[in-house]
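In what follows, chains are A, B, ... by sequence order, proteins preceding strands, each numbered from 1.
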2 protein chains.
Amino acid sequence: MDDDFDPIAEAKANWDKRWPEHSTYMAAATSIMRAQQLILKAADDSLKPYGLTFARYEALMLLSFTKKGELPLSKLGQRLMIHPTSVTNIIDKLTSDGLVERISHPTDRRTTLARITDLGTKLAQEATKAIHDVDFGIGHLKENQNLELIKLINAVRGLSK
Amino acid sequence: MDDDFDPIAEAKANWDKRWPEHSTYMAAATSIMRAQQLILKAADDSLKPYGLTFARYEALMLLSFTKKGELPLSKLGQRLMIHPTSVTNIIDKLTSDGLVERISHPTDRRTTLARITDLGTKLAQEATKAIHDVDFGIGHLKENQNLELIKLINAVRGLSK
DNA sequence: TGCAAATAGTAGGAAGTCCGACTATCTTAT
DNA sequence: ATAAGATAGTCGGACTTCCTACTATTTGCA
């Protein structure tokens, strides 16, 4: 059994035989899917001791960067590029863990603000150390590889110009 | 309101202020996470008319590439790089849709084979046309961008050498 | 031979994601 | 002024993923 057999290379070979003009799209798309799994797992593992997931960590950090430590849920969703229902889900959990609290917006009664608590701030700091220790699961990359990757994914995201 | 405001660039700027030595890791990791969501959505949307998801489409294609149209579930899991329980889940659904059937391995009574049905084969062909129409959600990339992306993600996956 | 370890698959449960539907509130255009 | 449309958030449901067991079988070593 091949131990460093690469399933993506195998799939690409199958595509090349049948639909060569689509094979690199398939391989690039599949590569991103697999890489995401690896990164998410590394990040989640490093955050587990703090009771956080990567999704919740990102939300917490976003709040910690604001002047007042608060943000409307809708804005949170935009920044994290997730569905409104996912925001509700994430904030529900952060709230029940005492890391965030829901407060009402002073002038717009539709909107709810999430505000980070002192406990949330402290936990975010510790969690950041942990996730930096593994550099988001890609600590083995070089600086210019990171930059190149960001640039290419900007193209994927349609920001290339 | 900025309309082509980029949340990842914003996050990177926040990191640069505080932890500049980790900022490109954060940005690269986050980029991959977001790109995966976009690609998965594009793929799933194109497959929806056929009642398939990307995960199930991949499994179906893998079976269709084999000589006999069958593969042990464990091997399927290795190729798709997913957890054994996810394989069970995917094959359950494909089976109940009549696209695949479970048969027992002739010599090893522990293993179950998944075998693609005629219906499954036909559906896989049609679904492939649909997903090729959108080129896995990244049809706007150029060939060399695909190749560069694959290469960089091989590094992420630790295959660089 | 025979027992421990590895392998294959599944059940149950926790998380996360999305979608559709729905209420409440604000904005805008007539 | 008011009716139509946009925006904010939540609920319920569907789906996928993983993890922790757990059973059944096979392999391998002693």
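Within residues 35-54 of chain A, the residues approaching DNA chain C are A/T53, by heavy-atom distance under 4.0 Å. A heavy-atom distance below 4.0 Å to DNA chain C is reached by these residues of residues 107-117 of chain A, ordered by number: A/T107, A/D108, A/R109, A/R110. DNA chain C is contacted by B/P84, B/T85, B/T88, B/R102 of residues 84-104 of chain B, taking any non-hydrogen atom closer than 4.0 Å.
Contact annotation: the side chain of A/K122 never approaches that of A/T117 to less than 4.5 Å [non-hydrogen atoms, C-beta and beyond]. B/R115 places none of its side-chain heavy atoms less than 4.5 Å from the side chain of B/L63. Side-chain contact between B/P7 and A/M81: present, with at least one pair of heavy atoms (C-beta onward) separated by less than 4.5 Å. Put simply, the side chain of A/W19 does not reach to within 4.5 Å of the side chain of A/M26, judged on heavy atoms.
To the nearest angstrom, C1' of D/dT7 lies 14 Å from NE2 of A/H83. The nearest whole Å value for the distance from the CE atom in B/M33 to the C1' atom in D/dT17 is 13 Å. A/L73 places its CG atom 12 Å from the P atom of D/dC11, with the value rounded to the nearest Å.
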Kindly indicate, with the supporting measurements, whether the criterion side chain to side chain donor-acceptor pair (under 3.5 Å) is fulfilled by B/T53 and B/D44. CA-CA 5 Å; B/T53 61; B/D44 279 348; 5.0 Å; no

Do B/E21 and A/E143 pass the side chain to side chain contact (heavy atoms under 4.5 Å, CB included) test, and can you show the C-alpha distance, the side-chain angles, and the key distance before you say yes or no? CA-CA 9 Å; B/E21 67 280 15; A/E143 192 72 2; over 6 Å; no

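In terms of the side-chain hydrogen bond (donor to acceptor under 3.5 Å, both in side chains) criterion, residue partners of B/Y57 (sequence neighbours excluded) are, by chain and number, B/T128. With sequence neighbours left out, the salt bridge (Lys or Arg N to Asp or Glu O under 4.0 Å) criterion links A/R56 to no other residue. Take A/F65 and apply the ring-ring contact (aromatic ring centres under 6.0 Å, His included) test, not counting sequence neighbours, and it matches B/W15.
When atom types are taken as modelled, the side chain of A/H83 and the backbone of A/S86 share no donor-acceptor pair closer than 3.5 angstrom.
The phosphate of D/dA8 (OP1 or OP2) has no side-chain N or O of A/H105 nearer than 4.0 angstrom.
Tested against A/L47, the residues A/L123, A/V134, A/L52 include a single side chain to side chain contact (heavy atoms under 4.5 Å, CB included) partner, A/L52.
Take the nearest nucleotide of DNA chain C for A/I82 and for B/P72: the residue whose nucleotide is more 5' is B/P72.
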